[in-house]
Amino acid sequence: GEITEVPELTDNPQESRVNMNRKGCNKHFKDDLLLRGWVVARCPEIGSSSSDAGVAIGGAEGHSMRRATWCLTQRPSLPTGRDVDTYSVQNEAAFYACEETVGRYGQELASFIAERLEDGGS
């Protein structure tokens, strides 16, 4: 997730600043989530579509199930780079979600994936 090449510098200082900070979750949530058409939106109501599966959260032993309020949904068209780099509440929510999961538990996630791959898992 870190910068592996010199970011593209532009005539616009703000764009250059955005490009210089495109690393970690700031890079991943933009390049691997937003630019592929995923957006944060309210979850569909139960029974409103066949995509209801998987929107319940919790449920671990001793915990009750509850419906998630926010979900990732895929837009029919891809956003522009400018859309992704422009502040919006939805974009900020995706960044915050990345920081609070991948950013916080990156080492644990990397260890889990490495162990699975060593065991021949996928």
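One is the number of the first residue; the rest follow in order along the sequence.
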Taking a hydrophobic cluster as the set of Ile, Leu, Val, Met, Phe, Trp and Tyr residues connected by side-chain heavy atoms closer than 4.5 Å, whether directly or through intermediates, do [X] and [Y] fall within one such cluster?
| X | Y | answer |
| --- | --- | --- |
| V102 | Y105 | no |
| W70 | L34 | no |
| F29 | V39 | no |
| L33 | F95 | no |

(message) Please determine whether the number of non-hydrogen atoms from other residues, nucleotides or ligands lying under 6.0 Å from atom CD of Q74 exceeds 12.
(response)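 Yes.
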(request) Please check if the side chain of N91 supplies one atom and the backbone of T86 the other of a donor-acceptor pair under 3.5 Å. (result)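 It does hold such a pair.
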(request) Give the minimum heavy-atom separation between K30 and D85, together with the two atoms involved. (result)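 Closest heavy-atom pair between K30 and D85: NZ-OD1, 3.4 Å.
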(request) Give the minimum heavy-atom separation between P44 and C71, together with the two atoms involved. (result)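 Closest heavy-atom pair between P44 and C71: CD-SG, 4.4 Å.
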(message) Measuring from atom CG of L72 to atom CD of Q90, what distance do you get when rounded to the nearest 0.5 angstrom?
(response)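 Nearest 0.5 Å value for the CG-CD distance: 12.0 Å.
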(message) With rounding to the nearest 0.5 angstrom, report the OG to CD distance, S88 to E92.
(response)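 The distance works out to 8.5 Å.
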(request) If a pair satisfies salt bridge (charged side-chain N to carboxylate O under 4.0 Å, His left out) and one of its residues is in residues 69-83, list it, with sequence neighbours excluded. (result)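 Salt bridge (charged side-chain N to carboxylate O under 4.0 Å, His left out) check on residues 69-83 returns no pairs.
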(message) Can you list everything that forms a salt bridge (charged side-chain N to carboxylate O under 4.0 Å, His left out) with E100? Sequence neighbours excluded, please.
(response)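 Checked E100 against salt bridge (charged side-chain N to carboxylate O under 4.0 Å, His left out); matches are R104.
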(request) State, with a plain yes or no, whether a side-chain heavy atom of L78 is found less than 4.5 Å away from one of L35. (result)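 Contact flag for L78/L35 side chains = no.
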